[in-house]
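Presented below is the structure to which this report refers.
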Amino acid sequence: MSGDDILAILPLVVLGAALSIVVLGIALRRDHRQAAILAAVGLVLTFASLWPAALAAPRQVTPLFAIDGYALLLMGLIIAESFAVLLLAHGYLQHLGSSADEFYALLLLTTLGGLALIAGSHFVSFFLGLETLTIPLLGLIAYPSDPPLPLEAAIKYLILAAMSSALLLFGMALVYSRLGTMEFARMAVAQAGEGQGRDLLWISGVALIFSGVAFKLSLAPFHLWVADVYEGAPAPVTGFVAVVSKSAVFALLLRYFLAAGVFRDPTVDLMVGVFAIASMLAGNLLALLQNNVKRLLAYSSVAHLGYLLVAFLATGAAAVEAVLYYLTAYGVTTLAAFGVVTVLSTGNGSTEIVALEDYRGLAWRRPWLAGAFILSLLSLAGLPLTMGFFAKIYAAAAGIHQGAWPLVGALVVGSVIGLFYYLRVIVVICMPGTAEIPQRAEAGTGSVLGLATLAGLTGVLVWLGVYPAPAVGLIRGAARVIGLP
Amino acid sequence: MTLVWLVLIPLLGGCLAWLAARRSPAWARWISLVALFAELALLLVPVTGGHGRWLAEVDLPWAPPLGIRFHLAMDGLSFALILLTAVLGILSVLASWTEITEKVGFFHFNLLLTLTGVVGVFLALDLLLFFFFWELMLIPMYFLIVVWGHERRVYAAIKFFLFTQGGGLLLLIAILTLSFLYFRQSHVVTFDYLTLLKIHLSPGTDTLLMLGFFIAFAVKLPAVPFHTWLPDAHTEAPTAGSVVLAGLLLKTGAYGLLRFVIPLFPDASVHFAPFAMGMGVAGIIYGATLAFAQTDLKRLVAYSSVSHLGFVLLGIYAWNGLALQGVVMQMLAHGLSTGALFILVGALQERLKTRDMGKMGGLWTSMPRLAAIAMFFAVASLGLPGLGDFVGEFLVLLGTYRIAPAFAAAAAAGLVASALYALLLIQRVFHGPPSGTGGAPPDLAPRHLFVMGIMMAGLVWFGMAPQPVFDAVAPGLDNITAFARIP
Amino acid sequence: MMAGLANVFGILLVLVITAALLTWVERRLLGLWQDRLGPNRVGPAGLLQVVADMIKILFKEDWVPPFADRIGFILAPAIVMAALLLGFAAIPVTPGIGVWPVDGVGLLFILAMISLSVYSTVLGGWASNNKYAILGSLRAVAQMLSYEVFLGLSLLGVVLQARSFDLRQIVAAQAGMWFVVPQFLGFLVFMTAGIAAIHRLPFDLPEAESELTAGFHTEYSGMKFGIFFIGEYVGIVLVSAMLATLFFGGWLGPVLPPLLWFLIKTGAFVAFFILLRAALPRPRYDQLMAFGWKLLLPLALLNLMVTAAVLLAF
Amino acid sequence: MTVTFYLAAVVAVAATLQVIISANAVHALLSLIVSLLAVAVVFYVLGAPFAAALEAIVYAGAIMVLFAFVVMMLNLGADATRQERGWLVPAIWVGPTVLSAVLLGELVYLLRTGSAPAGGAVVSPEPVGALLFGPYVLAVELASMLLLAGLIAAFHLGRSS
């Protein structure tokens, strides 16, 4: 490990150090505010450390981590997203009653796992990063343990996470047995020849790995956990599960597919395509049936990951660009949506405002909140003035570039179905409220920090939706320096 | 930069109106009115900055890495349609002056945002920018229907949105594919209309892409199999919403066909023309027939729109100078006459609390002014010579007759049917014994009279001296026909 | 082949007989220290007492309580015997005597066997379906898991110095100096943890008669109990042998033959353990845990750190 | 050695099967321990005695003991056994079994055509350590973070309930 190596992995180091400080702080004094401030400062410093790291990039640090523009950009993204979750959660936790300071330690740990995943270029970092991402999430999901719902959600998540880990490990073992290496780059070398090492064993391995990851990404048909977990987890954590964990896992999946040369195989492409279509259709159709906002968003996220897979399949720099933009847009949008749920539920004790009926007439009681929610829903639907618009263009363009017409068709059909339920929510928000229901939704006052975060997220949502050039420029730059074979 | 302001004024006006409504609803009304007058004024000052075919043009980078540019340009066609937009915008603000009493600020915000989208659609020359504005119109329109609409507004709004958005996604796919094909030919990522005109497409692809565009526009127009959202949306929307829908949103479909479908895919369009014209004729007859069968006033007017827009479709695909001039005239005149009818129906509904013709009758005595004006617009709509609609429909028929006499003949039959429903409307609502709806509702207020006066003047002008309009539009149409490379 | 078999059976035989004899030795020694006689009637100096006990135990009815879990109940004593005897396989008695070096990880093998032996306690207690028994089992689990940690950790200093997990190499590395000198801390920790791991007095909380009426083996009788009983002595011998091998140079020594040196060292530790039983009271359960986690673990870590630092420095 | 390998492998598979179909939780656990020990033997035969020893010490000797501890604390009686037995209806196990069988068949087929598992060079603990704290030191650090995460999560959940 040379100095440059340390410099390159500085974000990981800084976050690890921040984490230790938070834990030590908790050990010395149990104080919610102190832990929150320490964690926030830690995240800011980690974000700042991306610049020094960029000086050393692109660089392979041990066989485990590849620090390049792609990794740094995504790291920045998920650090920012974690920061937003932290701010949103702060107010939410204050009203929760039970001790809240471990939350921040767990949040930083999950983020660390995410960073490791994003930079991972080796099966070992793949697996360890994934687990470091998952385990603290369990704690976060079950955080308010007095009502049974979070605990149930956490147990479901635990069991499925274990299942997916098993699939993943078995898949890795098969691939390793075929190629004799666990480094992505060397796998590509081992397969350099035409059809070299691409036998049934290898395909089984890749399929198992992909299935394991599909659990985490809640791709259909591995999406069964998603609604329950989303519903059970506290709202800011749900945002985190939906955004940070999925972004990081997706980032790694893309790197694996690109760097290890998994693309360019018709069987694999077919498999991913089938997953994509299934997710788009299943997610959207199931979302139609929901009367709970969190469950609805859960199924909509299934569909969105299907769209992401369409972008994913574009291969090469185009895929990187499309995926990065989509992840950014999806992240900002989803966080804004869950931010609204969080703000509404803040100060409401342990019951959250999630029933669709609670939102009736929100536009007239809390116009700004409703505006933010409507904008985020429009963004999820991919309508203009929001980031989702360009994200959908990217996904569709990626599908067209590879001439995958079934995928494009599913994207269109899915989007139209999607519109229907997003509009349903919007309609409810815009309806005049009845007398008795508003009382519950009125209770959520939100914290100043939460509201400010929400405002910031919505601002970004609109700004990059109207003028996407800065984000696109940044992403294009990152995609160029990914340093792939 | 004038063009940028054309887009920005309604947008800023809308935001301002929304914010100002906190103080007093009147502020919102006045601000939107002022904004739209400013828009009108901006149009009427001589536009400069254009070169070549365009009256004005602005071309700024928007999302450079994606090849999307903020490219706006105005020719005679756009000019005429934006003028219509501004006028109808003013009229709808006036029409909803007393009708809308709740959430006034948000209403005007949505109204002006819709107009922003419409203006943008008429100006955009970058395909993705066009799509952006195309989608932008929908959301506020959706809100207009869903918040201030009538009984079945949710159903109508969602239906409207799904239909148009479904078409919109096809459009998006087609645009992206087109750009991608161009990229394969020239290795340039662009969505620029003028550049994409140069693309060479194989016949099969050609037709598929054309269909993608066509369906999106045909839904909006609406051409017959795709029209089912329209009666619902028009019926349930508030008056201003109906006016904007019928007067402007439908025109964007026609504009899209004129501007994009035929120039971009001339060969496919030639092959497709008979089908499209068939759809047009079907729309004319079908719309007229159904209008005849309605008891709901607003539905009647809505179906009459289907019928009138059939002429537009017919004329566009006839694709000769005469027919196209007729199309433009029809679009303008229909905007005024149908808009006026919707305002009148709105006024009636405001007074009688019903749109059911069965419950009306004999209103001539209680509301002579309203009745007289309604009579005027009804006959305008049935195509009385001397008024704008007649010019438009007649020119379309003449133009079509040159190409396809059979279609022209069938369309003319539809024209007869339109006389039936228009007169039926007058007869049922205003003649006959008064039905006891209790009390004598007040007649039209001066504000309404002013609005109606403007529209009547416009229609008479279009009918009596259409030549200035043709002169203004002609270069734009030449423009399009030149692009289209069709003999 | 024959030599190998002789090795195996020889060691097994000696070990089991020794373990059996130890019952006598213990009672005699306890008697000595407690100023009484101990068993002295059967045979010369009571030596045949062992035989008498065995006859009694063997002829008792082989009884499985009807409420017990049959499989677990029978398996439990077998496990402890098998695990500890297997552990002995890796002990190098002399350069020529010894069963199996386990590919250079003999030390780990023994540790593994010791840690597996916990199942006998756990299973025995659970299968008995008796509240005292299960309490004993719970104690056993917590105690053995805790102490296993430092049991391994305390040996890492030795491993670092010898640069091997192979017991023969560890013995060879002590040619110059016994490891008890540089690794005195490790020795102390290991010895304590070793006693706890085979739950020998004073750390016999899983089977504390006074509190739990014999704990996990309350329901056992006859030969099954006998195996538990003998198993404990095998454990003592094993830990003593490990102590001798790891810290006191195993078979190394002047003048006397290696075998004798080994036996002397091991025997001394066995006697020491018996002395501990006679001398020390049983601690309270929480004291036991606190002592382990708060004192022994830091000590073991400190030992490891210092050893590593010294080795790196020189 | 090959014989030992296959023997251990068969034991591992059979024991794991027993884990799944055994209705009594403790019996299932015992089978799991057997399975882990068999895997340790497999490791040993393949030339990884260090991994084998760790498998026995850490998994069989420590983690499974904790499992046993918890299961014993719960003290599941005959009721639980009956309940579990109710879960094992064919509708539950046929699907996964078929899938696993397919995978197994595929593997066997491929391994027959490909290279057979052979005992490579014996890997002693030293190179393992050198690798772990050389190129893979970051993995070790990450694993420590993972453990910390488990610790904090368990602490929080355990305390509040």
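Letters A, B, ... are given to chains in the order of the sequence lines, protein chains preceding strands, and every chain is numbered from 1.
- Interface remark: L123(C) contributes side-chain atoms only to the contact with chain D (heavy atom separation under 4.5 Å).
- Take F228(C) and apply the ring-ring contact (aromatic ring centres under 6.0 Å, His included) test, not counting sequence neighbours, and it matches F216(C), Y220(C).
- Counting heavy-atom pairs under 4.5 Å between each of A68(D), A52(D), P125(D) and chain C puts P125(D) at the top.
- At a 4.5 Å heavy-atom cutoff, the contact between L145(C) and chain D is made by side-chain atoms alone.
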Under the side-chain contact (heavy atoms from CB on, under 4.5 Å) rule, what do L153(C) and L301(C) come out as? Steps first, then yes or no, please. CA-CA 7 Å; L153(C) 265 182; L301(C) 284 173; 3.9 Å; yes

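- Residues satisfying the ring-ring contact (aromatic ring centres under 6.0 Å, His included) criterion with F43(D), sequence neighbours excluded, are absent altogether.
- Counting heavy atoms from C-beta on, the side chains of L246(C) and L167(C) come closer than 4.5 Å.
- Listed by chain and number, the residues in a ring-ring contact (aromatic ring centres under 6.0 Å, His included) with F165(C) are F50(D) (sequence neighbours excluded).
- Residues of residues 28-41 of chain D that come within less than 4.5 angstrom of chain C, heavy atom to heavy atom, are L30(D), I33(D), L37(D) in numerical order.
- Checking each of V93(C), L107(C), I91(C) against T245(C) for a side-chain contact (heavy atoms from CB on, under 4.5 Å) leaves exactly one that passes, namely I91(C).
- Electrostatic pairing of R284(C) and D286(C) counts as a salt bridge here, judged by a charged N lying under 4.0 Å from a carboxylate O.
- Ranked by heavy-atom pairs under 4.5 Å with chain D, the list V159(C), L75(C), V122(C), I114(C) is led by V122(C).
- Interface residue V118(C): only side-chain heavy atoms are found under 4.5 Å from chain D.
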Test side-chain contact (heavy atoms from CB on, under 4.5 Å) on V237(C) and F88(C) and set out the steps. CA-CA 9 Å; V237(C) 176; F88(C) 224 91; 3.7 Å; yes

